[in-house]
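Below you'll find the structure, written out as C-alpha cells, and then a few comments.
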Protein chains: 4
Amino acid sequence: MSGNTFGKLFKVTSFGEAHGPAIGCVVDGCPAGLLLSEQDIQKELDRRKPGQSHYTTQRREPDKVVILSGLFEGKTTGTPIALLIHNVDNRTKDYDALKSVFRPGHGDYTYYKKYGVRDHRGGGRASARETAVRVAAGAIAKKFLFEANAITIRGYLAQMDDIVIEHSQFSWDAIQENPFFCPDSTKISAMEQKIDHLRRLGDSCGARVNIQAENVPCGLGEPVYDKLDADLAKALMSINAVKGVEIGDGFQAVQQKGSEHRDEITPQGFLSNHAGGILAGISTGQSILASIALKPAASIRIPGQSINENNEAVEVVTTGRHDPCVGIRAVPIAEAMVALVLIDHWLLMYGKGTPLFGQ
Amino acid sequence: MSGNTFGKLFKVTSFGEAHGPAIGCVVDGCPAGLLLSEQDIQKELDRRKPGQSHYTTQRREPDKVVILSGLFEGKTTGTPIALLIHNVDNRTKDYDALKSVFRPGHGDYTYYKKYGVRDHRGGGRASARETAVRVAAGAIAKKFLFEANAITIRGYLAQMDDIVIEHSQFSWDAIQENPFFCPDSTKISAMEQKIDHLRRLGDSCGARVNIQAENVPCGLGEPVYDKLDADLAKALMSINAVKGVEIGDGFQAVQQKGSEHRDEITPQGFLSNHAGGILAGISTGQSILASIALKPAASIRIPGQSINENNEAVEVVTTGRHDPCVGIRAVPIAEAMVALVLIDHWLLMYGKGTPLFGQ
Amino acid sequence: MSGNTFGKLFKVTSFGEAHGPAIGCVVDGCPAGLLLSEQDIQKELDRRKPGQSHYTTQRREPDKVVILSGLFEGKTTGTPIALLIHNVDNRTKDYDALKSVFRPGHGDYTYYKKYGVRDHRGGGRASARETAVRVAAGAIAKKFLFEANAITIRGYLAQMDDIVIEHSQFSWDAIQENPFFCPDSTKISAMEQKIDHLRRLGDSCGARVNIQAENVPCGLGEPVYDKLDADLAKALMSINAVKGVEIGDGFQAVQQKGSEHRDEITPQGFLSNHAGGILAGISTGQSILASIALKPAASIRIPGQSINENNEAVEVVTTGRHDPCVGIRAVPIAEAMVALVLIDHWLLMYGKGTPLFGQ
Amino acid sequence: MSGNTFGKLFKVTSFGEAHGPAIGCVVDGCPAGLLLSEQDIQKELDRRKPGQSHYTTQRREPDKVVILSGLFEGKTTGTPIALLIHNVDNRTKDYDALKSVFRPGHGDYTYYKKYGVRDHRGGGRASARETAVRVAAGAIAKKFLFEANAITIRGYLAQMDDIVIEHSQFSWDAIQENPFFCPDSTKISAMEQKIDHLRRLGDSCGARVNIQAENVPCGLGEPVYDKLDADLAKALMSINAVKGVEIGDGFQAVQQKGSEHRDEITPQGFLSNHAGGILAGISTGQSILASIALKPAASIRIPGQSINENNEAVEVVTTGRHDPCVGIRAVPIAEAMVALVLIDHWLLMYGKGTPLFGQ
C-alpha cells in the first residue's frame, strides 16, 4: 500500500524522478535459473523509448538499463534483481518557470496538496518516465512466462482520436513496421497527418490500446477480490493517462443480451470470447483480452488557466517537448503490466520452486 | 492475494457459499469508538436485497445480519467485527440437474478446472450472493467515512440496455422512489417494459452504473501503483458481472483533445471534472466519478450449448429464478466497494489512532 | 498489519472476544481437495481445552467447532473455510468489579490507552481464549502438511518453573499420558505438587515449551527478511504470555565457540543440529527446533497494586478461575503456530495448484 | 513474502550480493518533509563499518551511501528513497576454492538446495554485508522517529562469550568510547584479550546484544498477530547469526512467579518493567527492552568437515578475513531493525499524512 510496489509474489518496487540521477526498480521473487541478460530487458525498453520518431516526444533518453544484482553466470539466482536506468537528457531549466505553478491535468496540484513538497522538474515522480521501469520489470516477467509456459503478451494501438483500426485489415506483423504500433497499415497515413496536425495546433489527442495474452493456462485468478480481471484493471488503470479499462466486450456488454454475450461451450472449445478469457475471475484458457482508454496529454502549447502555490491565477503554456498522443507509447507499457499480473498469479498456482529450468 | 480479503488497513475477509449454512466476513481495522449497530448494516443490505420487486430475482433471502464481535456497549472497540448472514431460502434441488454441467458464462468451468472440486449449488462461492457481504462491510466503511469526514458515496443506474438516463432529468431523490435506482423518472416505464419483455423472452440485458463520492479530501491515493483510480478499478472490476470501469470521462477521452480534457483551475476551483476527481492517482477534492459496465446475466431460459465434466455436449437451460438485469442491484454493491477503497486510503493518511470520536 | 490475520498464502483471520457470543476465524488459501471434517479440528481443540484436569483453568468451554463454508462433500474446495466456536461458560459477572480497573500484567491498560474503549470481560480480545482459534486453524494446516509432505509437528513442556525435564528420560509417548504434555514421566509428580502449591499460594509460574517439526523439506524460507526462523519467531512471540523465542541452541550460542556450534556435514548428512534445522533462514531438511519462554500468568489471587481509568490507586485480586501455569496449554498452540508458518512457506515453494490430491 | 521487503507502511526493499557491483535498497513510505542528507545515513553506516578496529573483520568497505531519489531541496518528498552502496573491496578470488563447497554453518547448502544456483562469492546474498542496507534504511527511520516523537533507540553489547557486563558499571557514554559497544568500561580489556585469543585459535564466539527504545508512545502494536513484540521478534531474528530473541525478562520468566513478574501500577506509573514495555502486544509507554543471542561465526580457520555439490566429503578452512565475534557489529543493525518496526506501527497509528513538519 506504500504505492511503489507492484505484485505480491513477483514484486516490483520502483523509484526515481524524471530529473533525478536515475530511475530503477528492485524485482523480487523471480524464480532462480532463468537465463537473463541486460539485452533481454533493453530490447523491450527500446520499444518504448522516446525520441524514436517525430511522432512521439523528442526527449532523448538512451534508457540504458544496468542489472546490479540477482544474476550469477547469466542466470537468475532467486535473489532480488535491481535495475538501474540513469537519466541523461535533463533540460531541467525548461521547468524553472513552472516551479510554483500547477499545470492543469497533471499531478502538480495533487502532489503538492498531499505531500506539501514536490519535485516540479518534469513532473518528478508523476512523470511518465516511471513507465520505463514498468517495461524493464515486465521484460523479465514476459521472458519467464514465455520460457515457463509459452505465454505471449502483445498489444496494439486500436484507436487514435477518431481513427479506428479495422479488423479486416488487422495484422500482427504490421505492428512492427510503423511507429504507431498500428496493426492496420491502411491507417498509418491518417495517423501521421493527425499527429502533424496536432503538433501544429499545439494540442493532443486520446487513444485506445488493446492487449492480448495467449497460452495463459486455465485456472489463474483468485476469487472473489483478487480476480484476474480485477488485478488487470488495477494494473492497467495505474498507467499514466489511463481513464478506462475493459475486459472482453467491456462497455459493449451494456447493450448486449445474455443470449448473445455468454460464450457457449462445445467439446471442441468455446464458441466465442465475449468474456475476454476470464470467467468468475479465473482464466479460461482462451486469449485474455483487455482494452484501455488513454486521455489526451495535458502538456500542450495552447495556453490554459491555472493557479500557483499562492492560489493566484496564472496562465500555463507547455513549451518543452511533448507527445501529441501518449497512447502510442502505452503499448509496451500495457503489455508489461499484463505480464506482471500474470506472473504473480502463475507463481501462486505453480510455486516459485517449480523446477522449470533443469534445477 | 488469497483472494477473499479486500483492503490493507480496513480489511474485509469474506466467506461462504450461496447454499452453505451462512455467508459473512471479518472486518479488521475499523477504528475504535464508532457508534455501530446491526441496523446500520441492515439498512444497506435491504437496499441490495433480492425479491423486493418483480424486477429483480425472486429468490427471497431475509439477509439478516448478526454482529458476532468487535462491539462493546454500542461502539466499535478496534477489534475485528465479524458479520454473519445465515442462508435461508436454499432450493438446492433446483441445481441437481446442473451438478456436472458447466453453465456457459458462469464460473462453473473455471472453478472446476482450477480447483478440481466445486460446490455447484447456486454457483457456490462464485454466486452474486457474496456481494451481500460487500454491502455489509461497506456499510461500516460508509458510516465511518461520513462520521469522520462527511464523505458520502452514492450511485445510480445510468443505462439499462439501450435506455440511457438523461442528465436534464437527473434527480438524486428519484433514485429512492423506484426499484431501478434510476435518477430519471421519465425512464421508469421503459425500464419496466424492458424487464417484462426480457422475462417473457427468458433473456437478460446489460447495464451501466455510475458512482459518485463527495467530500473526499484532496490527497488520497498512493502513486504510482496504488493510485486511487487503480484501486477503484480493481474494487469495481471484482464485482460479479462487471466488464469495464471508467474514471471521469473514461473511454470518451479517446476522442477528446488535450485542450478539452484537462481541467483548468482558477483560484475559485476547478472549471470542470473530466478527470473524475483524481489527478496522477491522487484525489483532487472534487467529486470522485466512476462508471461500470455490467454484462447481461448468463442464467437465462433460452437454451445454450455447453459441456459437462466428461466433456460431453449438453444443452443448458436455467429454470430457476433469475435477474433479467443484474446491473440494477449492483448500485449498492458498487457504492460499498468505493467506500472500502476510500476508507483504506483515508486510514493510511490520517492513521487509525486519530481521535475522531472523543477518545 | 491490521493485526488479526496470520499468514500470506494460507491466511487465518481471527475474531471474537472471550465473553462475546463466539470466536472464530476464516482460513483462506487452503488448497482444494483436502479431506477435512469438524472432527479433524475438534481433536486438536480438545488437546488445548481448559477444564480437563485440575492442573489448568477450571473454566469449562466445550470449544465445539462448526465449519460454515469451504467444504463440499467432505473436501476443501479452495474457498475460505469459516470456523465458529460459540462461547458458553461466560460468568461475565465475575468481571464486573474489574470494569474500570487495569489488572497488572494484562492488556487492560494498553487496550484502554490505544482504543479508548475496551471490552473488559475476561480480557475481551486479549484473552488467551483467542488461542483456540489458532489451534483450530493450525489443525487444518497440520493435516495438509502431513498429507502433502508427511510433515509432523510436535511439542512438549520442557520446563515448569525450576523443574527441568531430563533428556535421558525423554519419551514422546509419555506426553500423551499426562496433563502436562511432559515427556519425562519422572517429573509428573513434582509438577503436580508445584501446581497444587501455587494454587494454594494464589500464585503462578512460568514455563518453557519446545516444538519440533520433522520431514520439513530443505528449501523453505525466504531470505533475507522473511527467513523461516524470523517467521517462526513472530508466530511464537505472538502467543499470549510468550517472552522469548529460540531457534536451535538459542541463547546457549552466546557462550559457544564457532568450532562447536557450526553443524559439520558429511555425505551421510549433518553431524549435529545446533542450528535448529535452519541455515541462513532456509530449512536444511533436519528437524526444526524451537523453544519458547512463557511468563507466569498475571491473574493471581495475591493482591497487587494498580490504577483505574481515573488514574486512582486500587488493589487488584483475581478471584475467578485461572491457570497456575499457562505454559502447559501452550503446547498445542505453539504447534499450531509452527504449522501456520510452515504451510505458508510450503505453498510459496510448491504452489497452491499442486495436484496433491488426485485432482 | 518475497523475502527482501521489510515493513508494511515504511517498506524497505533490499538488494545486492556481497561481491556484486552494489548493494542498496528502496525505502518507500517515508512521510514527506523530513530533512534528510546522505550524511544522516552515513554516520549510522560508519558505526557498523568493518575494518575500523582489529577487533572486527579486516574487510575494508568504505560503505559510502548515495541517495538516488526521493529528496528535493534537502527534504523527503514522500516518494521512494533509493539508496546505493557500491561494493569496493572484493577479493573475489579468495572464494574460488569454495565455489562448489558448502561451508558448514553458512547458507551455502540451503541456498544451493533451494535455488539450484548460487553466487558463492563471499556468501552472495546471504552475506552479512546485506546488513549495511538495514542500517542505512534504519537511519531514516531513526531520524523520523526522533523528529516526530523524540523516540530514541540504543543498543549495547551485553555479553561476549562468558564476559557479562555488570549493571553496576553500566554507562551509555562508555559505549561510544570502545570498539565493542560495551557499556561497562571494566570489561574492555577482557574483551580485547578474548578477541585476540580467538583470532590466534582461529575460532569465534557468540554474543548477546540488548536494545532499548525510549519515548515510544503507549498504543503501538496490533493485537493479536501483529503484536509489537511479535514484530520485533521477527525483525531481530532476521538478522544474520541471531538464534534467540527476548522481550523484557525473556527466558528468566520461566523461573519467575506471577507475583514477581507482573509490573504493578501506581498513579505515578509502573513500578517495574519485567514486560519490556509491551503488554498484550501493545506498547505501554515504558522503555521497550529486547535482547538477542548471536551465534559464533562459522567462518573460522579451524578445519571442518563438509561436502561439495557432488556430495563428496571435503575439509573446509576459511582463510579470508573474518570476525571473531560478529555480535559486536550487530549493535547498530539491531537498533536499525527496532527502528523499522517502530516506524511502521507509528505510521499505522498516526498516519503518513500527519503534518509533522510544518506542511
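Note on naming: letters A, B, ... go to the chains in the order of the sequence lines (proteins, then strands), and numbering restarts at 1 for each one.
Proximity of a side-chain donor or acceptor of Thr266(B) to a complementary backbone N or O of Gly269(B) within less than 3.5 Å is detected. Proximity of a side-chain donor or acceptor of Asp203(A) to a complementary backbone N or O of Leu198(A) within less than 3.5 Å is not detected. Panel note: side chain Ser272(A), backbone His274(A); no donor-acceptor pair is recorded below 3.5 Å. Although no hydrogens or angles enter the test, the distance criterion places no donor-acceptor pair under 3.5 Å between the side chain of Gln286(B) and the main chain of Gly277(B). A donor-acceptor pair under 3.5 Å is formed between the side chain of Asn273(A) and the backbone N or O of Gly276(A). Looking at Lys234(A), its side chain never comes within 3.5 Å of a backbone N or O of Lys234(B) through a donor-acceptor pair.
With salt bridges taken as basic N to acidic carboxylate O contacts below 4.0 Å, none links Asp119(B) and Arg125(B). With respect to the salt-bridge test (charged N to carboxylate O, under 4.0 angstrom), the residues Asp108(B) and Arg118(B) qualify. Salt-bridge check for Arg208(B) with Glu246(B): passed, with a basic side-chain N closer than 4.0 Å to an acidic carboxylate O.
Take Ala132(B) and apply the side-chain contact (heavy atoms from CB on, under 4.5 Å) test, not counting sequence neighbours, and it matches Ile23(B), Leu45(B), Arg48(B), Asp63(B), Ile85(B).
Remark: the Asn4(B) side chain and the Ser14(B) side chain contain no N/O donor-acceptor pair separated by less than 3.5 Å. No donor-acceptor contact under 3.5 angstrom links the side chains of Thr318(B) and Arg103(B), judged on distance only. Under the 3.5 Å distance criterion, with hydrogens and angles disregarded, no donor-acceptor pair is assigned to the side chains of Glu309(A) and Tyr109(A).
Only the side chain of Cys218(B) has a heavy atom closer than 4.5 Å to any heavy atom of chain A. Of the two parts of Asn308(A), neither the backbone nor the side chain holds a non-hydrogen atom closer than 4.5 Å to a non-hydrogen atom of chain B. For chain A, the nearby part of Phe270(B) is the side chain; its heavy atoms alone come within less than 4.5 Å. Proximity to chain A involves both the backbone and the side chain of Asn240(B), based on heavy atoms less than 4.5 angstrom apart. Interface remark: Leu348(B) contributes side-chain atoms only to the contact with chain A (heavy atom separation under 4.5 Å). Residue contact with chain A, scored on non-hydrogen atoms closer than 4.5 Å, is absent for Asn310(B). Proximity to chain B (any heavy atom under 4.5 Å) is restricted, for Pro303(A), to the backbone atoms N, CA, C and O. Neither the backbone nor the side chain of Leu201(B) comes within contact range of chain A; no heavy atom of the residue lies under 4.5 Å from a heavy atom of that chain. Residue His345(B) touches chain A through both its backbone and its side chain, counting heavy-atom pairs closer than 4.5 Å. Contacts between Lys227(B) and chain A at a heavy-atom distance below 4.5 Å involve the side chain alone, from C-beta outward. For chain A, the nearby parts of Ala313(B) are the backbone and the side chain; heavy atoms of each come within less than 4.5 Å.
Looking only at heavy-atom pairs under 4.5 Å with chain A, the residue among Ala241(B), Gly219(B), Ala230(B), Gly244(B) that has the most is Ala230(B). Residue with the most contacts toward chain B among Lys113(A), Gln159(A), Glu312(A): Gln159(A) (heavy-atom pairs, distance under 4.5 Å). Most heavy-atom pairs under 4.5 Å with chain A, from the set Ala126(B), Gly105(B), Ala253(B): that is Ala253(B). Of all the listed residues (Ile292(B), Ile307(B), Asp161(B), Ile239(B)), the one sharing the greatest number of non-hydrogen pairs under 4.5 Å with chain A is Asp161(B). The residue among Glu260(B), Glu222(B), Arg262(B), Gln256(B) with the most heavy atom pairs within less than 4.5 Å of chain A is Arg262(B). Ranked by heavy-atom pairs shorter than 4.5 Å toward chain A, the options Gly304(B), Gly327(B), Ala280(B), Pro296(B) are led by Pro296(B). For the options Asp263(A), Val316(A), Asp226(A), Val254(A), heavy-atom pairs under 4.5 Å to chain B are most numerous at Val254(A). In terms of heavy-atom pairs under 4.5 angstrom with chain B, the leader among Gly123(A), Ser306(A), Gly248(A), Ala275(A) is Ser306(A). For chain B, the option among Ala293(A), Ala298(A), Pro267(A) with the highest count of heavy-atom pairs below 4.5 Å is Pro267(A). Contacts with chain B were tallied for Ile300(A), Leu228(A), Ile163(A); Ile300(A) has the most, counting heavy-atom pairs under 4.5 Å. Between chain B and the residues Gly3(A), Pro104(A), Gly206(A), Ala297(A), the most heavy-atom pairs under 4.5 angstrom are made by Gly3(A). Interface summary for chain A: among Ile278(B), Leu220(B), Leu232(B), Leu279(B), the most heavy-atom pairs under 4.5 angstrom belong to Leu279(B).
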Could you pull out every donor-acceptor pair under 3.5 Å between side chains of residues 6-13 of chain B and any protein atom, sequence neighbours left out?
from     : atom 1 : to      : atom 2 : distance (Å)
Thr13(B) : OG1    : Thr5(B) : OG1    : 2.9

